[in-house]
Amino acid sequence: WGYVSHHVCCLDGTNNGYQHIAGLISNETLANKVNLQNVNEPQDLYKEILDILLVLLKSDNSKQAKEWYAIKDKLTRKFIKKPVLMIPYNSTTFGIANYIEKYFVNENISMAKNFQNNFYLATLIEESVRQVTPESYKVLKYLATTAMCFNREDKSIAWHSPSGFLIEQNYFQNQIKRITTKIGNSSIKLSVATGETDKIDKRKQLQGFPSNYIHSLDAAHCQMSLVEASKHGLKNFCVIHDCYGSPASELQRFIECVKQSFFKIYSDNNLDNLYHQTAEQLSDTSKLPSALDMGDYDITDVLTAPYIFT
C-alpha cells in the first residue's frame, strides 16, 4: 500500500554564515566545526560556544557574571543559537543585547530588564565566538576595512556575487526636517525623513557591507543550487535562505546539487575576486586590506559531507 507523496521535506544548513566564512578562507578547523567535512558524527558549534560562555562566566568574579551563572540552566543551546548566527552577519553588541532582553523577559528573568546586564552577556557571547571561531572576526574585519576605503572616497560599493548577480550597496543620508508639535500640553520635536541626499551614509555602509556580502553568498548559493537541480531534471523545490526542501523522493538528489554548487563557489578565491572588483572602483587602492591567509581545507570534502545540511 502506498501513494505518491508531494509533501515537502526540508534540510537546513548547519551554521550557514560560518560555512561561508570557512569556504572564503579555506579554513579546515572551522570547516570541521560546521560540518563541511566527511565525519562520523555531526559537530555542534552552538554547544561548543555555549560551553566556553559558561567557563567565562564561572571564572569572572563580577556581580553580573555571578547572577548570570546562577541561572546557567537558562543559558541553553536554544538561547545561544540566534546570537551566534547573528555574528557572521555583522550584528552589533547592542543588537545581541536587545535579543537577550527580549528572550529573557519572555522567560520572566528580572535581571534581563537591566540593559547593562544584557550588554555584559552579549560581550561574553562575542568573546566566546571569538575564541571558538577567530577566523570569523578576521573575515568581518577584512570586509569592514574594504568598506572604509569606499567611505574615504565617498563612493558606494558594488560587486558581483559568484552567480554573476550585480549588487549595488546604496546607503545615502536622508534629508531631515524638524517638526514641532504638541500632545496635550507637551511640546514634541520630531525628525522626519523627507528624502535621500546624494551623500553616502558612511555609518550604514561600514556596518552593512560585511553582512550584505555574506548574504550575497547565501543568495548566490541558493540560485546556483536551483539551476544545478534544474539541470538534473528536478522541478519541485522550495528554499528559504539556507533551508532547502523538495519531495522526499527527490531530497537526496537535490542536496547533492546544493553541495555541488557550494563546491563550485569555493573552488574559486572569492575574496581575491572581491579585491579586484573593488580596486577597479577606487582611486586609491593602497588602503585595501592585505589578502587573508588561506588554509588547507580541501573543498572537495564538501561533496561527501553527510551533515552539511540536517
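Note that the structure is a prediction, hence the values are computed from the model and not measured.
Residues Met148 and Leu206 are in side-chain contact: their nearest non-hydrogen atoms beyond the backbone lie under 4.5 Å apart. Counting heavy atoms from C-beta outward, Val227 and Gln223 have side chains that approach closer than 4.5 Å. Two residues are said to be in side-chain contact when any heavy atoms from C-beta on lie closer than 4.5 Å; Val258 and Leu11 fail this criterion. At a threshold of 4.5 Å between non-hydrogen side-chain atoms, the residues Leu226 and Phe237 count as touching. By the 4.5 Å heavy-atom criterion applied to side chains, Val129 and Tyr18 are counted as neighbours. Ile87 is listed as a side-chain neighbour of Ile96, based on a closest heavy-atom distance under 4.5 Å. Considering only heavy atoms from C-beta on, Leu56 comes within 4.5 Å of Gln131 through its side chain. Using a 4.5 Å heavy-atom cutoff, the side chains of Phe172 and Ser156 are in contact.
Distance alone, capped at 3.5 Å, is enough to place a donor-acceptor pair between the Lys202 side chain and the Asn151 backbone. Judged by distance alone, with hydrogens and angles left aside, the side-chain atoms of Asn117 form a donor-acceptor pair with the main-chain N or O of Met111 at under 3.5 Å. A distance-only check finds no donor-acceptor pair linking the side chain of Asn174 to the backbone of Ile176 [under 3.5 Å]. With hydrogens and angles disregarded, no donor-acceptor distance shorter than 3.5 Å links the side chain of Tyr275 to the backbone of Thr146. Remark: side-chain polar atoms of Gln64 are paired, donor with acceptor, to backbone N or O of Gln116 under 3.5 angstrom. A donor-acceptor pair under 3.5 Å is formed between the side chain of Gln19 and the backbone N or O of Val34. A donor-acceptor contact shorter than 3.5 Å is absent between the side chain of Glu153 and the backbone of Leu282. Using modelled atom types, one side-chain atom of Gln205 and one backbone atom of Lys155 make a donor-acceptor pair closer than 3.5 Å. Side-chain N or O atoms of Lys74 include none that pairs as donor or acceptor with a backbone N or O of Glu107 at under 3.5 Å. Not a single donor-acceptor pair under 3.5 Å links the side chain of Thr304 to the backbone N or O of Asn38.
Ile80 and Phe119 end up in different hydrophobic clusters when Ile, Leu, Val, Met, Phe, Trp and Tyr side chains are linked at under 4.5 Å. The hydrophobic clustering, which links ILVMFWY residues whose side-chain heavy atoms are closer than 4.5 Å, places Phe309 and Val84 together. Linking Ile, Leu, Val, Met, Phe, Trp and Tyr residues whenever their side-chain heavy atoms come within less than 4.5 Å places Ile255 and Leu234 in a single cluster. Linking ILVMFWY side-chain heavy atoms closer than 4.5 Å, directly or via other members, places Phe94 and Tyr89 in two distinct hydrophobic clusters. Hydrophobic clustering of Ile, Leu, Val, Met, Phe, Trp and Tyr side chains at less than 4.5 Å, counting indirect connections, keeps Val105 apart from Tyr120.
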Working for side chain to side chain contact (heavy atoms under 4.5 Å, CB included), residues Leu143 and Leu274: CA-CA 10 Å; Leu143 297 173; Leu274 178 65; 3.7 Å; yes
Start with the C-alpha distance between Tyr307 and Val39, add both sets of side-chain angles, then the distance that settles side chain to side chain contact (heavy atoms under 4.5 Å, CB included), and finish with yes or no. CA-CA 8 Å; Tyr307 303 112; Val39 293; 4.1 Å; yes
Verdict with reasoning, Met224 to Phe262, per side chain to side chain contact (heavy atoms under 4.5 Å, CB included): CA-CA 9 Å; Met224 293 170 67; Phe262 194 92; over 6 Å; no
For side chain to side chain contact (heavy atoms under 4.5 Å, CB included), just list the numbers for Asp284 and Arg152, CA-CA rounded to whole Å, side-chain angles, deciding distance to a tenth of an Å, and then say yes or no. CA-CA 9 Å; Asp284 179 11; Arg152 291 189 187 97; over 6 Å; no
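With a 6.0 Å radius and a threshold of 12 heavy atoms from other residues, nucleotides or ligands, Asp296 has its CG atom at or below the threshold. Counting heavy atoms of neighbouring residues, nucleotides and ligands inside a 6.0 Å radius, atom CZ of Phe115 exceeds 12 of them. Heavy atoms from other residues, nucleotides or ligands lying under 6.0 Å from CG of Leu166 number more than 12. Under a cut-off of 6.0 angstrom, the local environment of CD1 in Ile240 is sparse, with at most 12 non-hydrogen atoms contributed by other residues, nucleotides or ligands. For Asp293, the CG atom is loosely surrounded, since the number of other residues' heavy atoms within 6.0 Å does not exceed 12.
Taking 4.0 Å as the cut-off between side-chain N and carboxylate O, Asp60 and Lys66 do not count as a salt-bridged pair. With respect to Arg130 and Glu127, a salt bridge is recorded, a charged nitrogen being found less than 4.0 Å from a carboxylate O.
If you check the side chains of Tyr297 and Asn32, you find no donor sitting under 3.5 Å from an acceptor. Between the side chains of Glu48 and Gln43, no donor-acceptor pair is found at a separation under 3.5 Å. Side chains of Glu256 and Gln252: a donor on one and an acceptor on the other come within 3.5 Å. No side-chain donor-acceptor contact under 3.5 Å links Thr92 and Gln207.
Nearest approach of Ala158 to Gln281, heavy atoms of both residues: O-NE2, 2.6 Å. Closest non-hydrogen pair, Leu251 versus Tyr244, comes out as CD1-O, 4.2 Å. The shortest non-hydrogen separation linking Pro210 to Ala144 is CG-N, 3.9 Å. Closest of all the heavy-atom pairs between Thr133 and Leu45 is CG2-CD1, 3.8 Å. The heavy-atom pair separating Ala248 from Cys9 by the smallest distance is CB-SG, 3.7 Å. Considering all non-hydrogen atoms of both residues, Ala112 and Phe104 come closest at CB-CB, 3.4 Å.
By the 30° and 60° cut-offs, the orientation of the rings of Tyr213 relative to Trp159 is tilted.
Between atom CD1 of residue Ile308 and atom CG of residue Asn35 there is a gap of 8.5 Å, rounded to the nearest 0.5 Å. Atom-to-atom distance recorded for Leu50:CG and Arg77:CZ is 9.5 Å, nearest 0.5 angstrom. Here the CG atom belonging to Asp201 is positioned 9.5 Å from the CD atom belonging to Glu196, to the nearest 0.5 angstrom. Rounding to the nearest 0.5 Å gives a distance of 5.5 Å between CG of Leu121 and CG of Leu53. With values rounded to the nearest 0.5 angstrom, Thr145 atom OG1 is found 9.5 Å from Leu288 atom CG. Distance check, rounded to the nearest 0.5 Å: CE of Met86 to CD of Glu126 gives 9.5 Å.
Cation-pi geometry between Lys72 and Tyr69 is satisfied (NZ or CZ under 6.0 Å from the ring centre, within 45° of the ring normal).
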